[in-house]
2 protein chains.
Amino acid sequence: MPSMKIGALASTTGCQVQTIRYYEQQGLLAEPARTGANYRLYDDAHVERLRFIRHCRSLDMSLDEIRVLLRFRDAPAENCARVNELLDEHVGHVARRIAELQALERQLKELRGLCSIARPVTDCGIMRGLTAKARRGATNLGTHGRSRH
Amino acid sequence: MPSMKIGALASTTGCQVQTIRYYEQQGLLAEPARTGANYRLYDDAHVERLRFIRHCRSLDMSLDEIRVLLRFRDAPAENCARVNELLDEHVGHVARRIAELQALERQLKELRGLCSIARPVTDCGIMRGLTAKARRGATNLGTHGRSRH
DNA sequence: ACAAACCCTGTAGCTACTATAGAGTCAAGC
DNA sequence: GCTTGACTCTATAGTAGCTACAGGGTTTGT
């Protein structure tokens with residue numbers, strides 16, 4: 001099938017229709033041809049490119065990082081040093097986030113250990129722990145805050 | 001000081017001014033008294049409550065989770081079983097996210113191992129890896145996608 | 001008297017989508 | 001020929017937890 005509409009592209013790549021339009025709007029996917037009725041028409045190159053993007057996303061890369069990789073994909077003769085560098089940085093992000101979360105996990109488990117039974121909140125070690133630690137100041141969330149999931 | 005303006009509260013808690021107003025808007029901090037010039041006036045109870053919130057945030061709890069904890073803080077006679085449960089759930093979230101990120105880290109390091117030198121992109125093992133794996137389909141990001149940091 | 005530093009509200013921006021509203025298009029069945 | 005349903009289009013708003021303006025008013029210090 002040298003040519004497919006957006007729904008077909010979505011189902012062959014396992015990507016939502018709106019997400020595809022979003023990538024186009026963000027300049028990750030080139031604007032495809034259109035039918036007379038203004039429907040988008042994709043070919044195999046689009047399929048490949050979208051799969052590349054989705055694979056990078058499954059590795060938790062940002063759209064900005066992916067944009068860089070796509071530029072290299074489009075200029076195959078260039079030197080790949082920046083690609084290696086980008087991946088190293090990304091591995092670094094992930095490793096750092098893991099370390100943060102592990103520190104967090106330790107704190108949470110410690111806190112959890114402070115109450116093992118159901119009792120009035122006033123006597124609950126967890127609530128006491130949250131309040132006490134809070135009282136003796138300066139918890140540092142960076143300027144960027146934290147994210148979830 | 002039994003009464004402070006928002007800037008003072010911000011600097012004693014290490015929280016930004018806008019963040020305080022945001023918490024008020026989200027119903028985590030009660031609306032404080034106002035001066036004649038409509039400036040917010042906070043007392044020690046506000047300081048404590050904001051510190052509690054920030055401590056919970058430093059443990060990466062969502063504002064919804066914190067809202068639940070605050071409700072308990074406001075009703076000290078109630079049973080703390082829900083608090084324990086909430087913390088267990090939260091520890092579970094964190095542990096799961098760590099596992100996800102570790103799997104990711106393994107994949108990224110494997111990919112990184114595919115290219116150790118600077119050469120044309122066409123020959124770069126990383127770009128080949130991203131393309132090849134992408135080609136053989138079905139990377140699954142869930143319906144919820146991923147987050148960063 | 002005037003400037004710097006503070007405060008106010010309201011709004012837009014960030015990431016990477018997801019979900020709606022309201023409209024047009026197309027193929028199949030009756 | 002007409003309807004029904006599945007598809008497509010654009011544009012807009014929502015998600016989490018802030019951050020950063022814009023465009024004003026107030027307080028404080030010299």
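In what follows, every chain begins at residue 1, and chains take the letters A, B, ... in the order their sequences are listed. Please read these numbers as outputs of a predicted model, since none were measured by experiment.
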Considering only side-chain heavy atoms of [X], which listed nucleotide, [options], is closest?
X       : options                : value
A/Thr19 : C/dC7, C/dT18, D/dT19  : C/dT18
B/Tyr23 : D/dA20, D/dC18, D/dT10 : D/dC18
B/Tyr22 : D/dC18, C/dC17, D/dC9  : D/dC18
B/Leu63 : D/dC18, C/dC8, D/dA20  : D/dC18

Does this structure show an ion pair linking [X] with [Y], if we count only N-O contacts that are shorter than 4.0 Å?
X       : Y       : answer
A/Glu31 : A/Arg40 : no
B/Arg49 : B/Asp74 : yes
A/Arg97 : A/Asp60 : no

From [atom1] of [X] over to [atom2] of [N], roughly how many Å is that when rounded to an integer?
X       : N      : atom1 : atom2 : value
B/Ile66 : D/dG17 : CD1   : P     : 8 Å
B/Asn38 : C/dG10 : CG    : P     : 11 Å
B/Asp64 : D/dC18 : CG    : P     : 12 Å
B/Gln16 : C/dG13 : CD    : C1'   : 15 Å
A/Ile20 : D/dT8  : CD1   : C1'   : 12 Å
A/Met61 : C/dT15 : CE    : P     : 18 Å
A/Ile53 : C/dC17 : CD1   : C1'   : 14 Å
A/Glu65 : C/dA16 : CD    : P     : 9 Å

For this session: Using only side-chain N and O atoms of A/Arg67, determine if any of them is under 4.0 Å from OP1 or OP2 of C/dT15.
Result: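 For A/Arg67, the contact criterion (side-chain N or O under 4.0 Å from OP1 or OP2 of C/dT15) is not met.
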Exercise. Taking only side-chain nitrogens and oxygens of A/Arg40, does any of them come within less than 4.0 Å of OP1 or OP2 of D/dT10?
Worked result: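 Answer is yes, contact under 4.0 Å.
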Exercise. Under a 4.0 Å heavy-atom cut-off, which of residues 24-34 of chain B touch DNA chain D?
Worked result: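 Of all residues in residues 24-34 of chain B, none places a heavy atom under 4.0 Å from DNA chain D.
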What pairs with [X] under side chain to side chain donor-acceptor pair (under 3.5 Å), at least two apart in sequence or on another chain?
X       : value
A/Asn79 : none
A/Arg82 : none
B/Gln26 : none
B/Arg96 : none

For this session: List for me each residue that meets salt bridge (charged side-chain N to carboxylate O under 4.0 Å, His left out) alongside A/Arg73, sequence neighbours excluded, and say none if there are none.
Result: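 With sequence neighbours excluded, A/Arg73 shows a salt bridge (charged side-chain N to carboxylate O under 4.0 Å, His left out) to no residue whatsoever.
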Problem set entry | Protein proximity profile, nucleotides 21-30 of chain D - base contact B, sugar-phosphate-only contact S, no contact -, cut-off 4.0 Å on heavy atoms | ----BBS---
[X]: partners by side-chain contact (heavy atoms from CB on, under 4.5 Å), with sequence neighbours left out:
X       : value
A/Arg71 : A/Val68
A/Val91 : B/Leu108, B/Lys109
A/Ala37 : A/Thr35, A/Tyr39

Exercise. End-to-end bend of the helix from C/dA1-D/dT30 to C/dC30-D/dG1 (five-pair axes, 10° rounding)?
Worked result: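 Inter-axis angle at the ends, rounded: 30°.
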Exercise. Can you name the nearest heavy-atom pair linking A/Ala10 to A/Gln16, along with the distance?
Worked result: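 Closest approach of A/Ala10 to A/Gln16, heavy atoms only: CB-C, 4.3 Å.
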